Each structure stands twice: as C-alpha cells, then as structure tokens.
Amino acid sequence: MVNAKGGGNLHPLPFTTFGEIAALGLEAEVHCSSCYRQTKVDPADRRLNDRVFAAAPFRCSGMRDRGFAVPLQPWAPGFVYVKPTVLLPVGGEVTLIFLSCPRCVPPWFIEHMPADRPPWLRTGWGPDDRYRCPACRGRIDWRFHGPTWRPTYATLPAADPARAEAEGQQGFP
C-alpha cells in the first residue's frame with residue numbers, strides 16, 4: 001500500500017495487541033496527562049490479551065492540584081508506552097528506534113527498541129517505507145538513535161614535524 005504523502009509502503013507493526021507484547025517479553029505503561037502518574041499494565045492480562053494497544057482507552061481517576069488558575073481535570077486520557085524490560089542506553093553500541101503516532105487520540109509510544117534485532121529488522125524496505133499505525137492506519141513517526149559519534153582530531157603533518165618525519169610524510173610547504 002502506498003503512503004498518502006506519495007512515499008513508500010506502509011508495513012504492519014511486529015505486534016499490535018497486548019498479548020503479542022507479552023509474548024515478546026516487553027512491558028507496557030500508561031502515563032496520565034493530568035496527574036503525571038505512571039502505572040505499569042500487565043500485557044498478559046486476559047482482559048487485555050486481544051485488545052489493540054494503540055486503541056485501548058485508559059482513564060486516570062487521580063487528580064493533581066494545579067492551583068487556582070487551572071481547574072482540575074479528572075478522568076484524563078492515558079498514553080500507552082511500550083518498551084523493553086531492560087532499557088538500552090541512548091548513544092550506546094546498539095541503534096535504537098523510537099516510534100509514535102501523534103494522530104491517534106491519545107497518542108501512543110514505543111521506545112528504546114533495538115532497530116537491528118528481531119522483530120524490528122527492515123530488510124528489503126525502501127528509503128521511504130514506514131510502519132502503519134494499528135489504530136488509525138496512518139504513517140507512524142520514528143526516530144533513530146545510533147552509537148555516539150565523536151570527531152577525530154588528527155594532527156596534520158605540518159603541525160607536527162617530528163611525527164611527519166617518523167611516518168615518512170612531507171609537511172605542507
């Protein structure tokens with residue numbers, strides 16, 4: 001299927017339900033947009049097993065006092081975050097992929113997934129191919145974070161004449 005923006009193909013996510021998240025050994029959290037509480041959700045729960053994680057409505061009954069200017073907002077929607085049980089560091093040895101769908105209400109996020117390991121391998125994909133959102137069927141936004149790159153500051157032969165002689169190089173005139 002061709003993307004509406006004229007780009008590449010849209011591919012299905014490696015998982016779409018809470019049961020598939022549990023089978024891959026990943027964890028799910030719900031973050032409240034009103035009281036900022038984070039709650040872990042058991043993706044192996046039989047009530048959630050066949051539900052699509054991107055379309056699952058979570059409501060928080062907590063309240064946060066924001067002062068007099070902003071009223072309290074009970075029953076705020078929760079954002080679903082899917083991530084591995086052990087987070088890999090950003091800028092480490094492994095390239096990480098971060099996925100989200102800002103078009104879904106509420107949005108959902110998949111974070112800290114190793115991009116070069118199953119089930120995230122993208123062999124045979126074109127440069128404009130993306131994942132398809134399981135809820136709104138739109139194009140998913142993604143970010144990649146690879147190993148940290150540091151510039152090497154090699155000295156020029158003219159800057160270090162002793163090193164240039166030892167390596168048999170000629171300096172600049």
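The structure presented is a predicted model; accordingly, all values stated were derived computationally and were not measured. Here, residue 1 is the first one in the sequence, and each next residue gets the next number.
Looking at V94, I97, L96 one by one, the single match for side-chain contact (heavy atoms from CB on, under 4.5 Å) with D116 turns out to be V94. Among the candidates F109, F79, Y81, the single residue satisfying the ring pair (Phe, Tyr, Trp, His ring centres under 6.0 Å) test with H31 is Y81.
V41 has its side chain within reach of L48: a pair of non-hydrogen atoms, C-beta onward, lies under 4.5 Å apart. At a threshold of 4.5 Å between non-hydrogen side-chain atoms, the residues F53 and L26 do not count as touching. Put simply, the side chain of P114 reaches to within 4.5 Å of the side chain of L88, judged on heavy atoms. Taking 4.5 Å as the limit, some side-chain heavy atom of C101 sits within range of a side-chain heavy atom of C136. Two residues are said to be in side-chain contact when any heavy atoms from C-beta on lie closer than 4.5 Å; C104 and C133 meet this criterion. The closest side-chain heavy-atom distance from V82 to I21 is below 4.5 Å.
Judged by distance alone, with hydrogens and angles left aside, the side-chain atoms of H112 form no donor-acceptor pair with the main-chain N or O of L87 at under 3.5 Å. Of the possible donor and acceptor atoms, none in the side chain of D129 sits under 3.5 Å from a partner among the backbone N and O of G8. Although no hydrogens or angles enter the test, the distance criterion places no donor-acceptor pair under 3.5 Å between the side chain of D45 and the main chain of D42.
Judged by the 6.0 Å distance and 45° axis criteria, R51 is not positioned over the aromatic ring of F18. For R132 and W142, the positive end is not near the middle of the six-membered ring at less than 6.0 Å and at most 45° from its axis.
When hydrophobic clusters are built by joining Ile, Leu, Val, Met, Phe, Trp and Tyr residues whose side-chain heavy atoms come closer than 4.5 Å, directly or via intermediates, L13 is grouped together with M113. In this structure, L121 is not a member of the same hydrophobic cluster as F144, with clusters built from ILVMFWY side-chain heavy atoms closer than 4.5 Å.
Nearest heavy atoms, P134 versus V52: CB-CG1, 3.9 Å. When all heavy atoms are compared, the tightest approach of P102 to D141 is CG-OD2, 3.2 Å. Nearest approach of V30 to G78, heavy atoms of both residues: CG1-CA, 3.7 Å.
Aromatic ring orientation, F15 versus W120: perpendicular (interplanar angle above 60°, classes split at 30° and 60°).
Summarising the geometry, atom CZ belonging to R143 is positioned 7.0 Å from atom OG belonging to S100; distances are rounded to the nearest 0.5 Å.
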- Yes or no on side chain to side chain contact (heavy atoms under 4.5 Å, CB included) for H11 and R130, after CA distance, side-chain angles and deciding distance? CA-CA 6 Å; H11 300 275; R130 296 290 187 269; over 6 Å; no
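The aromatic ring centres of W108 and F58 sit 6.0 Å or more apart.
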